[in-house]
Protein chains: 2
Amino acid sequence: MLSNLCTDLANGTLSGMPAHRTARERARAELTAAIKDEARRQLGEQGADGLSLRAVARELGMVSSALYRYFPSRDDLLTALIIDAYNALGATLEKAAAGADAPRERWRAACHGLRAWGLANRHEYSLIYGTPIPGYRAPQDTVTPATRVPAVFIGALRDAWRAGEVKPPFKGPEMSPELRRQVGIVRAQLAPDVPEEVLARGLIAWVQLFGMVGFELGGQFANTVDPADEFFTHTVEQMTLFVGLG
Amino acid sequence: MLSNLCTDLANGTLSGMPAHRTARERARAELTAAIKDEARRQLGEQGADGLSLRAVARELGMVSSALYRYFPSRDDLLTALIIDAYNALGATLEKAAAGADAPRERWRAACHGLRAWGLANRHEYSLIYGTPIPGYRAPQDTVTPATRVPAVFIGALRDAWRAGEVKPPFKGPEMSPELRRQVGIVRAQLAPDVPEEVLARGLIAWVQLFGMVGFELGGQFANTVDPADEFFTHTVEQMTLFVGLG
DNA sequence: CAAATTCGAGAGCACCGCTCTTGACTCCTC
DNA sequence: GAGGAGTCAAGAGCGGTGCTCTCGAATTTG
């Protein structure tokens, strides 16, 4: 349990700062970071399946068993990479959105930012949004970083609504009470003043966006709209209109 | 090469019929089927990663090396399962669509059929539409069966157009010449009379649909629209309207 | 019947995640 | 400053994986 605390500190999962009171702690923090870096490198080359603890240890010039002092299992190492990936993507989107002024431009920027990040870090993208790794259950630690990504989109939509800039182009079907309730959960947390109908459209566009990036990464567009740059841009415009941000 | 022919025959990948001239050929065909069945069983339990040639052989009471007489590698076994999955899904959707009369109802039926099949066969769904297995390249044999699935949707859209039932609810952005050309590839093959604008909307809805099923299977809807029945139905209606099939 | 082909079985290679033990090292406390 | 507590890298080892090769037996073919 003391060792767990140290691991948490080294992983940066606690809000407390490094401290590094002793040389041992500093060495531990550095080695933990080196392991994650090498693991991320291997992840980028061969994907999650190709990530081998033994290979990481080999590359770092140590024996495989030594690595278990830093990450109790392969899954724990993967969890650390997942958290880092969520944070990296979240930061990227926040930055991309911050570059635009009007809410609707922030929405567009976030869409294009997501695709760009996914194409540049396809294995990390697959790690967080791809087929779940069998037998792996994401621990609670991943929830908070994961929230940063949708927050960018919902934030843009919320601000657009407040500025009176959201006008859906056609009337959709009625929402059932249960669906209203479910959408209301998100609403209560992030956008209490936006109507459920608008949030539901945003959610549809959100899913469409991730479907598109997933299809492109999976090569499902082969022989049709591949390369997908034009289709992506066109679809973002269509879905932006659909949401009412056009 | 002769053995390849026999394998192809046993797999049913050639259009020729069994023949079974000798007892050996019959035994080979039966064992090949048994291997695929057991592999499919294990796939359904633990996913593609959990599929082990040794475990399949063990379960069938044979030695692992004997299995290589039937499938030259694990990837070949996976390929056979992929082809079967495409065909099973394709047949399911064709049947679901055939149950409806009006084209727009066939479209809806295909949407709901896809989700139902994906939920009932999640690992097979992931095999064909999930994150690509690293290092695995789908051979040409998978292309034709894969085409059956989109053909159902495009067929419904085409028939609806011919019946004059397609009316997009709002004018979208202009399509670039390059995007027109890309969409035109699909158009030329399956729906030569449907305008590119309509096909592009259909493609957007298509991607949205797979994004939704993928999100649901991946548990991405947790704590929001989960269970996703209501959201799925609502979104299908929205996207059906978006395409102009409403 | 004899030759050619196909088959199951076994041994073996290199890799994997993970566990346990051992001996050396560092740190904290008396 | 010396000891004990805690931490560390290393090694051996377990059971698992995909895959290759060889060998003798069975079956099909001529």
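Residue numbering restarts at 1 for every chain, and letters A, B, ... go by the order of the sequence lines.
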In short, A/Ala97 meets A/Val152 closest at the heavy-atom pair CB-CG1, 3.8 Å
Along DNA chain D (nearest heavy atom to each residue), the more 5'-positioned of B/Ser64 and A/Ser65 | A/Ser65
Bend of the helix from C/dC1-D/dG30 to C/dC30-D/dG1 from end-axis comparison, five pairs per end, nearest 10°, comes to 0°
Output one line per pair: protein atom, nucleotide atom from nucleotides 13-15 of chain C, and distance, for all N/O pairs under 3.5 Å.
none

Among all residues two or more places apart in sequence or in another chain, which pass the side-chain contact (heavy atoms from CB on, under 4.5 Å) test with B/Ala55?
-> B/Gln42, B/Ser52, B/Arg58
To the nearest Å, give me how far apart CZ (B/Phe71) and C1' (D/dG18) are.
-> 16 Å
Please work out which of the three classes, parallel, tilted or perpendicular, describes the rings of B/Phe215 and A/Tyr129, given edges at 30° and 60°.
-> parallel
With sequence neighbours left out, write down each residue that passes side chain to side chain donor-acceptor pair (under 3.5 Å) with B/Arg187, or none if nothing qualifies.
-> none
Measure from the side-chain heavy atoms of A/Leu53 and tell me the nearest of C/dC18, C/dG8, D/dA10.
-> C/dC18
Measure the distance from CG on B/Leu67 to C1' on C/dA9 and round it to the nearest whole Å.
-> 13 Å
Figure out the CD/P separation between A/Glu59 and C/dC16, and round it to whole Å.
-> 12 Å
Between D/dC8 (P) and A/Glu30 (CD): distance, integer Å = 14 Å
For A/Glu178, what residues pass the salt bridge (charged side-chain N to carboxylate O under 4.0 Å, His left out) criterion, not counting sequence neighbours?
-> A/Arg181
For B/Ala57, does its backbone N or O pair with a side-chain atom of B/Glu38 as donor and acceptor, under 3.5 Å?
-> no
Reckon B/Leu60 touches a base, only the sugar-phosphate, or nothing at all at heavy-atom distances under 4.0 Å?
-> nothing
Salt-bridge criterion met for B/Arg41 and B/Glu45 (N-O under 4.0 Å) = yes
For C/dT6, does either OP1 or OP2 sit under 4.0 Å from a side-chain N or O belonging to B/Arg28?
-> no
Grab the OH-C1' distance between A/Tyr68 and C/dC16 for me, whole Å please.
-> 9 Å
Within a radius of less than 6.0 Å around CG of A/Asp37, do more than 12 heavy atoms belonging to other residues, nucleotides or ligands occur?
-> yes
Selection from D/dG18, D/dA10, C/dG17 that lies nearest to any side-chain heavy atom of A/Val63 = D/dA10
A/Leu31 CG - D/dT7 P separation (whole Å) | 16 Å
Could you go through nucleotides 28-30 of chain D and list every protein N or O atom that sits under 3.5 Å from one of its N or O atoms, giving the distance for each pair?
{"unit_1": "D/dT28", "atom_1": "OP1", "unit_2": "B/Ala23", "atom_2": "N", "d": "3.3"}
{"unit_1": "D/dT28", "atom_1": "OP1", "unit_2": "B/Arg24", "atom_2": "N", "d": "2.9"}
{"unit_1": "D/dT29", "atom_1": "OP1", "unit_2": "B/Arg21", "atom_2": "NH2", "d": "3.3"}

Using a cut-off of strictly less than 4.0 Å, decide whether A/Arg69 has a side-chain nitrogen or oxygen near OP1 or OP2 of D/dC8.
-> no
Grab the CD1-P distance between B/Ile133 and D/dG18 for me, whole Å please.
-> 13 Å
Where is the tightest heavy-atom contact between A/Leu157 and A/Gly202, given as atom of each residue plus distance?
-> CD2-CA, 4.2 Å
Using distance alone, with no hydrogens and no angle criterion, decide if A/Asp76 and A/Thr79 have a side-chain donor and acceptor under 3.5 Å apart.
-> no
Round to a whole Å and report the spacing from CG of A/Asp49 to P of C/dG17.
-> 11 Å
Does the ring of A/Tyr86 carry A/Arg148 above it, NZ/CZ under 6.0 angstrom from centre and within 45° of its axis?
-> no
Identify whether any heavy atom of A/Leu77 sits under 4.0 Å from a base atom; if not, whether one sits that close to sugar-phosphate; answer base, sugar-phosphate or nothing.
-> nothing
For B/Gly61 and for A/Asp75, find the nucleotide of DNA chain C with the closest heavy atom, then tell me which residue's nucleotide is more 5'.
-> B/Gly61
Side-chain N or O of A/Tyr70 less than 4.0 angstrom from OP1 or OP2 on D/dA9?
-> yes
Any donor-acceptor pair under 3.5 Å linking the side chain of B/Thr233 with the backbone of B/Glu230?
-> no
